[in-house]
Amino acid sequence: VSVESILHLSLQLHSFTRIDKEGQGLSYTTHSISIGSNLLASLFCIANSNHTVFQIANSKSTMSLLSNLLSTPAFLFFQLTWLIHSLRRPILLVSALCILSNPPAAIRKFKLFYLSIQYLIFCKDKKWKVPDKDPASFFHKELGGTLTGQSDNQYREKTIILIRHGESTWNDTFNAGDRSKLIFILSFLPNMLYAIAMETYFFISGKDSESWFFDSPLSAKGVNQGEGLRKFLKKEKMRLGSNGNSNAREERAVKLLLAVGEESDPSSHVVSSNLRRAISTAAIGLADRFVATTIQKQHSKDDILLIPSLQEISRNPDALTILPPKGVAHPTWCDDTIAGLPSGTFTSLINTKYQTGNKSLDSNGLIRLHQFMADVFDSSKLPKDTIIAAGHSLFYRSIFQVFLPRGMEHISKKKKLVNGGTVMVTLREARLSDGRKEYMIDPNSVVVVYGGFGKHTKG
């Protein structure tokens with residue numbers, strides 16, 4: 001059976017003519033030009049033993065609807081372009097006045113733009129490969145490794161709980177997320193124009209610590225994802241000690257995350273990447289912990305410690321921190337309204353004593369992965385046995401790719417941790433006789449607490 005019909009897509013081209021010569025106002029003339037035949041773009045696949053027959057139904061109304069739908073972004077783009085063109089002089093005048101009224105803010109914005117271009121062109125963050133050496137070869141079998149016989153290796157271990165940040169404004173603009181591809185494509189141009197408008201507003205208003213693209217904050221959806229983690233932990237806390245089907249390791253993770261029973265002196269550190277979306281996610285998701293350990297017990301030193309080695313593996317502007325070395329972490333649009341936290345307390349929760357600014361242009365993801373491992377086991381920096389880290393998808397996936405045994409198949413090596421997802425692992429350090437240090441995630445210790453990897457989620 002051969003294909004009996006040929007699909008001719010009908011393209012409608014919209015031209016817009018501005019009519020304003022006689023002072024009669026603005027109007028548009030729309031010309032629809034049909035190219036080819038007006039055939040319906042619907043395909044019916046009828047399978048027989050050997051062939052598939054494509055039938056194409058003729059429907060002018062459906063084609064017209066599809067054409068108008070696809071032309072909507074172009075129409076909106078034209079209207080906005082014309083509006084900007086018409087208002088270009090007032091916009092330039094206001095921008096100039098704002099720059100002159102606050103030169104330091106304008107200079108900082110220009111520096112951020114220059115820095116973004118530098119990293120887009122020269123950054124080597126993704127120029128590395130997973131090493132061939134198997135981390136399991138440095139650890140004995142009882143520790144989850146493959147090493148046999150005697151060795152002089154010295155071992156330590158810590159519990160690590162990894163939390164991925166909620167969706168950011170950058171994600172909302174450039175990534176489809178859970179939206180269908182069609183919806184994403186149709187909404188991309190309006191979303192992009194909105195993002196540019198917001199960035200322009202931040203520039204002309206002198207908000208040099210705000211940006212839509214650079215070190216992007218949480219989107220509204222990202223805030224909800226952080227709230228999802230908080231609500232999950234609150235619910236699980238109420239179930240602790242019950243005779244349900246709760247996993248003992250999951251219960252332990254909930255206790256550690258909320259510092260249950262140890263509010264005066266938590267046995268865990270909360271650390272974060274120096275990027276705003278990770279910091280905000282930690283504050284939102286663990287708000288009940290900080291209320292119990294810090295707000296109610298004001299002598300407690302529980303806080304969110306920024307660790308630069310957790311900075312995301314990417315050359316994009318959203319992976320560059322806007323926070324200067326040891327600078328004050330100003331709240332983003334959502335940080336002063338975190339449920340449970342009194343307004344104005346966000347900044348006091350953020351400890352920036354180790355914040356050194358942005359990653360080096362000569363750095364790469366593998367270098368920072370090993371630096372984070374070293375930070376975890378640095379007793380002068382993080383002396384406690386449990387580290388709760390808020391960070392990023394590519395960084396976390398790379399952790400599993402590099403530090404899980406090479407022969408182990410695990411979804412974490414291929415799929416990203418979902419936004420707000422939380423997972424607990426046991427991390428081990430081997431100090432070799434020559435002083436070198438090697439790290440491995442115990443392959444039997446991976447516990448998904450909330451969310452999960454890819455579409456395999458819980459909570």
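With hydrogens and angles ignored, the 3.5 Å screen pairs a side-chain donor or acceptor of S219 with a backbone N or O of G222. The main-chain N or O of L417 is found under 3.5 Å from a side-chain atom of R164 such that the two form a donor-acceptor pair. Judged by distance alone, with hydrogens and angles left aside, the side-chain atoms of N274 form a donor-acceptor pair with the main-chain N or O of G357 at under 3.5 Å. No donor-acceptor distance shorter than 3.5 angstrom exists from the side chain of E157 to the backbone of T426, with no hydrogens or angles considered. Between the side chain of N316 and the backbone N or O of A319 there is no donor-acceptor pair closer than 3.5 Å. With hydrogens and angles ignored, the 3.5 Å screen pairs a side-chain donor or acceptor of T347 with a backbone N or O of A329. Here the side chain of S363 pairs no donor or acceptor atom with the backbone of K359 at under 3.5 angstrom. Between the K384 side chain and the S379 main chain, no donor and acceptor come within less than 3.5 Å of each other. Side-chain atoms of N191 come within 3.5 Å of backbone atoms of S187 as a donor-acceptor pair (strictly under, hydrogens ignored). Formation of a donor-acceptor pair under 3.5 Å by the R406 side chain with backbone atoms of P131 is found in this model.
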Run the numbers on S137 and D134 for side chain to side chain donor-acceptor pair (under 3.5 Å), then give the verdict. CA-CA 6 Å; S137 64; D134 188 350; 5.7 Å; no
May I have the step-by-step check of side chain to side chain donor-acceptor pair (under 3.5 Å) for S433 and D152, ending in yes or no? CA-CA 6 Å; S433 57; D152 295 328; 5.3 Å; no
How far apart are the C-alpha atoms of T173 and W212, what are their side-chain angles, what is the distance that settles it, and do they pass the side chain to side chain donor-acceptor pair (under 3.5 Å) test? CA-CA 10 Å; T173 303; W212 187 277; 3.0 Å; yes
Do F202 and F213 pass the ring pair (Phe, Tyr, Trp, His ring centres under 6.0 Å) test, and can you show the C-alpha distance, the side-chain angles, and the key distance before you say yes or no? CA-CA 11 Å; F202 292 144; F213 300 113; 9.8 Å; no
For the pair D303 and N351, evaluate side chain to side chain donor-acceptor pair (under 3.5 Å) and give the outcome as yes or no after the intermediate values. CA-CA 7 Å; D303 55 22; N351 188 337; 3.2 Å; yes
Stepwise side-chain contact (heavy atoms from CB on, under 4.5 Å) check, V423 with Y396: CA-CA 10 Å; V423 61; Y396 287 161; over 6 Å; no
Would M192 and F174 count as a side-chain contact (heavy atoms from CB on, under 4.5 Å) here? Give the steps. CA-CA 8 Å; M192 186 65 180; F174 293 105; 3.8 Å; yes
List the steps, then state whether side-chain contact (heavy atoms from CB on, under 4.5 Å) holds for L257 with Y450. CA-CA 12 Å; L257 285 162; Y450 175 73; over 6 Å; no
Apply side-chain contact (heavy atoms from CB on, under 4.5 Å) to the pair V260 and V254, showing each step before the final yes or no. CA-CA 8 Å; V260 176; V254 171; 5.5 Å; no
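Shortest non-hydrogen contact noted between P317 and W170 is CD-CH2, 3.6 Å. When all heavy atoms of E250 and V448 are compared, the pair lying nearest together is OE2-O, 4.0 Å. Smallest separation of non-hydrogen atoms from L369 and S398: CD1-CB, 3.7 Å. The heavy-atom pair separating I160 from L427 by the smallest distance is CG1-CB, 3.7 Å. Taking every heavy atom of both residues into account, I163 and I388 meet most closely at CD1-CG2, 3.8 Å. Taking each heavy atom of I121 and R315 in turn, the nearest pair found is O-NH1, 4.1 Å.
Side-chain contact between T422 and L162 is absent, with no heavy-atom pair separated by less than 4.5 Å. Residues V271 and L310 form a side-chain contact, since some pair of their non-hydrogen atoms from C-beta on lies under 4.5 Å apart. No side-chain heavy atom of R431 sits under 4.5 Å from any side-chain heavy atom of N153. Residues F203 and T200 form no side-chain contact, since every pair of their non-hydrogen atoms from C-beta on lies 4.5 Å or further apart. Counting only heavy atoms from C-beta outward, the side chains of T332 and S280 approach each other to under 4.5 Å. A heavy-atom distance below 4.5 Å is not found between the side chains of P135 and E438. T293 places none of its side-chain heavy atoms less than 4.5 Å from the side chain of D265. Contact check for I161 versus I387: no side-chain heavy atoms found under the 4.5 Å cut-off.
Screening residues 409-449 for ring-ring contact (aromatic ring centres under 6.0 Å, His included), with sequence neighbours left out, gives F377-Y439. The stretch residues 440-449 participates, sequence neighbours left out, in these side-chain hydrogen bond (donor to acceptor under 3.5 Å, both in side chains) pairs: R428-D442. Sequence neighbours left out, the pairs with a member in residues 267-283 that pass salt bridge (Lys or Arg N to Asp or Glu O under 4.0 Å) are E210-R276, D215-R276, R277-D318.
Interatomic distance, I350 CD1 to L323 CG, rounded to the nearest 0.5 Å: 9.5 Å. Rounding to the nearest 0.5 Å gives a distance of 10.0 Å between OG of S264 and CD of E262. Taken from CG in L275 to OG in S216, the straight-line distance is 8.0 Å, to the nearest 0.5 Å. To the nearest 0.5 angstrom, N358 atom CG is 5.0 Å from L320 atom CG. Taken to the nearest 0.5 Å, the CZ atom of F122 stands 8.0 Å off from the CG atom of L361. In this structure, OG on S412 lies 5.0 Å from CG on L404, to the nearest 0.5 angstrom.
Partner of S273 under the side-chain hydrogen bond (donor to acceptor under 3.5 Å, both in side chains) criterion, out of E312, Q311, H392, H165: H392 alone. D375 pairs in a salt bridge (charged side-chain N to carboxylate O under 4.0 Å, His left out) with only one of the listed residues (K381, K158, R368), which is K381.
In this structure, D385 does not pair ionically with R156, as no charged nitrogen and carboxylate oxygen lie closer than 4.0 Å. Here R230 pairs with D288 in a salt bridge; the nearest charged N to carboxylate O distance falls below 4.0 Å. One finds no salt bridge joining K221 and D172 here, because no Lys/Arg side-chain nitrogen approaches an Asp/Glu carboxylate oxygen to under 4.0 Å.
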Donor-acceptor contacts, no H, no angles, side chain residues 337-346, under 3.5 Å, sequence neighbours left out:
unit_1 : atom_1 : unit_2 : atom_2 : d
T337   : OG1    : C334   : O      : 3.3
T345   : OG1    : P342   : O      : 2.7

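Listed by chain and number, the residues in a ring pair (Phe, Tyr, Trp, His ring centres under 6.0 Å) with H330 amount to none (sequence neighbours excluded). Checked against salt bridge (Lys or Arg N to Asp or Glu O under 4.0 Å), K109 has the following partners two or more places apart in sequence or in another chain: E199.
With no hydrogens or angles considered, no side-chain donor-acceptor pair links H370 and S309 at under 3.5 Å.
A cation-pi arrangement is absent between K416 and F453, since the terminal nitrogen or guanidinium carbon is not both under 6.0 Å from the aromatic centre and inside a 45° cone about the axis.
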